[in-house]
Structures are given as C-alpha cells and as structure tokens.
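We count ligands from 1, going down the list as the structure has it; atoms in each ligand are counted the same way.
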Amino acid sequence: MKTIIITGAASGVGKETAKLLQNEKLILIDKDEKKLKAVAKRYACDCYVCDITNIEKLILVSEDIKKSVKKIDVLINCAGVWTKGELSQQENEHFAEINTYDRIKQIIDTNTFGTIAMIKSVFPIMKKQGYGQIININSQSGIVTEEFCPVYNASKHGSRAFSQAVLTDLAKHNIKMTDVCPGLIKTDFYVNANDELSKEIMDTGLEAKDVVNVIKYLLDLPKDITVPSIEIKNMKNF
Ligand SMILES: NC(=O)c1ccc[n+]([C@@H]2O[C@H](COP(=O)([O-])OP(=O)(O)OC[C@H]3O[C@@H](n4cnc5c(N)ncnc54)[C@H](OP(=O)(O)O)[C@@H]3O)[C@@H](O)[C@H]2O)c1
C-alpha cells in the first residue's frame with residue numbers, strides 16, 4: 001500500500017484523486033475544513049486542515065506527517081487558486097475585486113510558494129528512503145501566457161520553472177516528478193474565485209476524472225520510467 005499526500009483534496013481534481021486512490025494510505029490536506037473532513041470521513045483517511053501559504057502551519061503539519069508514517073511514496077499537489085483580468089481592465093469593479101494586492105499575493109503564495117514548499121517538505125524523507133514520486137497539477141497557463149490571466153500565468157510559470165530546475169537533482173535521488181498541464185476543467189475552481197464562467201465555456205472543459213486518469217497512468221509507470229511533463233485538453237477547448 002502506498003502512502004500518498006494530496007493537497008487541495010477537498011474539491012475538484014484533489015477530491016476525485018482521493019476517490020480513485022481510496023485503497024491506498026491517503027493523507028489529505030486542504031484549507032476548507034468542512035469539505036476536507038467530509039472527504040476524509042468518506043475514505044476513512046487522515047487529513048490536515050492547512051493553508052499551504054501559512055509557513056508555520058505547513059512546517060507543523062509536515063513534521064506531524066513525518067512522525068506518523070514510515071514512508072511517503074507520493075505527493076500530489078492539487079491545491080491552487082485562480083484569478084484573471086488584464087491590467088488595463090483592473091479599474092472595472094469585477095476585476096478590481098479579484099485583483100487586489102492581497103489576492104495577487106494569495107495566488108502566488110498558493111500556486112508557486114505552496115507547491116514549492118510542499119515539495120521541499122517531502123524531499124528529505126523521499127531522499128532518505130531512496131525513492132519517491134511527485135505530481136504537480138500545473139496548467140496550460142504554465143506553458144503559454146495569456147493576456148487575460150497574467151497573475152495566474154506568473155504563478156503557474158513560477159512553479160513550473162522550479163519543477164524543471166529540480167528534475168535532475170531529484171532524479172539523482174530516484175525521485176520522479178511530473179507537471180500535469182490541463183486545459184479547462186469542470187470544477188468549482190472559477191466559482192471559488194468569484195469568477196463564474198458561462199455554461200457554454202464550462203461545457204468545453206475536461207472532467208476532473210480525465211485528469212485523474214492521467215495521474216493513474218503516471219502512478220502505474222514502470223519503476224525506472226518517468227514523464228517530466230504532460231498536457232491534457234478537451235478537443236472542444238483547443
Ligand atoms: N479548473 C480548471 O479549469 C483548471 C485548469 C488547469 C489547471 N487547474 C489546476 O488544477 C488544480 C486543482 O484545481 P481544481 O480545478 O480542482 O479547483 P478546486 O475545485 O477549486 O480545488 C482546489 C482546492 O484547493 C484548495 N486550496 C486553495 N488554496 C489553498 C491553500 N492555500 N491551502 C490549501 N488548500 C488550498 C481549495 O480550497 P478552497 O475551496 O477553500 O479555496 C480547493 O479545495 C489547481 O492547481 C488548478 O490551478 C485547474
């Protein structure tokens with residue numbers, strides 16, 4: 001049985017990942033206490049309410065996890081937040097609201113810092129045990145830049161640059177890492193960010209389980225084989 005940490009496990013891709021991997025030893029992390037506890041109860045697994053942008057809390061949780069398990073086989077980074085809006089639109093009330101300085105910091109702190117911090121926290125244990133696998137749910141926005149979401153682009157390019165820079169170092173310690181870069185996914189991601197998209201646009205998205213099938217493929221690869229980066233899109237959203 002693998003020990004697998006999933007961040008962002010209370011909703012969307014993280015929640016669907018917990019469903020697929022329910023027979024493994026799961027450790028779920030999210031900042032939404034009510035939803036996280038409901039998922040952890042359903043799959044009878046451990047969970048930690050933690051905002052991954054909170055350094056003190058993240059260190060406490062990672063120390064606690066290290067004390068409670070003998071190994072960490074896999075880390076799946078799903079926690080993420082969205083915002084959009086061209087700089088030139090930010091006087092418009094809607095875009096002003098979702099692009100305050102605090103909100104911009106939250107996007108970078110979650111998508112970039114939080115992902116890097118989670119990788120940093122599991123690295124010593126994976127190095128010591130001599131193996132490990134890390135899967136980051138990045139985005140198409142980590143590959144291309146789009147005029148309408150520069151802050152989200154910056155956050156996803158930041159974590160992707162980190163991943164690419166550490167791949168060789170991780171490989172020396174037999175730790176695989178993959179950035180999964182999906183296009184639009186039909187989750188509450190946009191509603192959670194106070195930016196509901198039209199049904200017409202959402203209908204062109206992937207199902208969360210399409211992304212989870214990619215995660216499953218990566219977990220089932222032979223021991224010595226890794227896929228550093230993989231993209232997935234709905235054909236209607238090309
Ligand atoms: N949906 C898309 O179209 C899409 C496309 C490409 C890539 N992605 C990426 O896919 C990943 C999963 O997104 P999703 O679509 O499943 O969205 P989701 O349904 O909103 O799930 C994200 C989960 O992460 C949690 N979270 C956010 N910030 C956190 C923090 N600082 N600490 C701990 N947990 C935090 C959220 O909690 P709250 O609900 O409390 O915020 C939520 O439970 C994200 O990294 C996203 O960038 C999404």
> Geometry only, no angles: is Cys78 polar-contacting ligand 1 at N/O separations under 3.5 Å?
yes

> Side chain, backbone, both or neither: which part of Thr187 has a heavy atom under 4.0 Å from ligand 1?
side chain

> Which ligand 1 atoms are under 4.0 Å away from a heavy-atom of Asn138?
7 (C), 8 (N), 9 (C)

> From the options Gly80, Gly8, Gly205, select the one whose nearest heavy atom is closest to atom 27 (C) of ligand 1.
Gly80

> Check this for me, if you would: do Glu16 and Lys209 make a salt bridge, where the nitrogen-to-carboxylate-oxygen distance has to be below 4.0 angstrom?
no

> Between Glu63 and Lys67, is there a side-chain N and carboxylate O pair less than 4.0 Å apart?
no

> Heavy-atom distances under 4.0 Å are what count here, so tell me which part of Trp82 touches ligand 1: side chain, backbone, both or neither.
neither

> Is Ile143 isolated, or which residues cluster with it under the ILVMFWY side-chain rule of less than 4.5 Å, directly or via members?
Val144

> With sequence neighbours excluded, give me every salt bridge (charged side-chain N to carboxylate O under 4.0 Å, His left out) pair touching residues 117-131.
none

> Got more than 12 heavy atoms from elsewhere within 6.0 Å of CD, Gln89?
yes

> Does ligand 1 have a heavy atom under 4.0 Å from the side chain of Val81, from its backbone, from both, or from neither?
side chain

> Between Val69 and Phe123, is there shared hydrophobic-cluster membership here, with clusters defined by ILVMFWY side-chain heavy atoms closer than 4.5 Å?
yes

> Under a 4.0 Å heavy-atom limit, does Asp109 contact ligand 1 with its side chain, its backbone, both, or neither?
neither

> For atom 40 (O) of ligand 1, what is the closest protein heavy atom, and at what distance to 0.1 Å?
Lys31 NZ, 2.9 Å

> Quick one: do Asp32 and Lys34 make a salt bridge, cutoff under 4.0 Å?
no

> Atoms of ligand 1 less than 4.0 Å from Val13 heavy atoms?
16 (O)

> Please state which option from Gly142, Cys50, Ala79, Ala193 has its nearest heavy atom closest to atom 35 (C) of ligand 1.
Ala79

> Measure Tyr152 to ligand 1 on non-hydrogen atoms and call it side chain, backbone, both or neither using the 4.0 Å cut-off.
side chain

> For ligand 1, which part of Gln106 has a heavy atom less than 4.0 Å away: the side chain, the backbone, both, or neither?
neither

> Report whether Leu218 and Val13 are members of the same hydrophobic cluster (ILVMFWY, side-chain heavy atoms less than 4.5 Å apart, transitive linking).
yes

> Could you tell me, atom by atom, which parts of ligand 1 come under 4.0 Å of a heavy atom of Asp51?
30 (C), 31 (N), 32 (N)

> Is a donor from one side chain sitting under 3.5 angstrom from an acceptor on the other, for Ser163 and Asp179?
yes

> Between Tyr131 and His173, does the ring centre distance come in under 6.0 Å?
no

> For ligand 1 and Gly183, I'd like to know whether there is a polar contact (N/O to N/O, distance under 3.5 Å).
no

> Does the side chain of Glu146 pick up a donor-acceptor pair with the side chain of Ser141 at under 3.5 Å?
yes

> Asp32 heavy atoms, cut-off 4.0 Å: which ligand 1 atoms fall inside?
40 (O)

> For ligand 1, which atoms sit closer than 4.0 Å to a heavy atom of Leu184?
3 (O)

> Does the pair Asp195/Lys84 count as a salt bridge with the N-to-O cut at 4.0 Å?
yes

> Going by the atom numbers of ligand 1, which of them fall below 4.0 Å from some non-hydrogen atom of Ile137?
9 (C), 10 (O), 11 (C), 45 (O)

> Only heavy atoms of Pro182, strictly under 4.0 Å: list the atoms of ligand 1 that pass.
6 (C)

> Is it the case that ligand 1 has an N or O less than 3.5 angstrom from some N or O of Ser139?
no

> Would Gln140 count as a polar contact of ligand 1, with the cut-off being nitrogen or oxygen pairs under 3.5 Å?
no

> Which residue supplies the protein heavy atom nearest to atom 17 (O) of ligand 1, what is that atom called, and how far is it?
Phe189 CD1, 3.3 Å

> Does ligand 1 have any atom that is closer than 4.0 Å to a heavy atom of Asn77?
no

> Salt bridge check, Asp46 against Lys25: does any charged N sit closer than 4.0 Å to a carboxylate O?
yes

> Measure the distance from atom 19 (O) of ligand 1 to every protein heavy atom, then report the residue, atom name and distance (to 0.1 Å) of the closest one.
Ser11 OG, 2.6 Å

> Passes salt bridge (charged side-chain N to carboxylate O under 4.0 Å, His left out), Lys2 versus Glu24? Steps please.
CA-CA 5 Å; Lys2 285 181 176 171; Glu24 307 291 350; over 6 Å; no

> Quick one: do the Thr178 and Asn136 side chains pair a donor with an acceptor below 3.5 Å?
no

> Would you check the N or O atoms of Asp30, main chain and side chain alike, for any that come under 3.5 Å of an N or O of ligand 1?
yes

> With the threshold set at under 4.0 angstrom, would you say Lys15 reaches ligand 1 through any of its heavy atoms?
no

> With only distance considered, is Ile185 within less than 3.5 Å of ligand 1 through an N or O on each side?
yes

> What atoms in ligand 1 come closer than 4.0 Å to a heavy atom of Thr53?
31 (N)

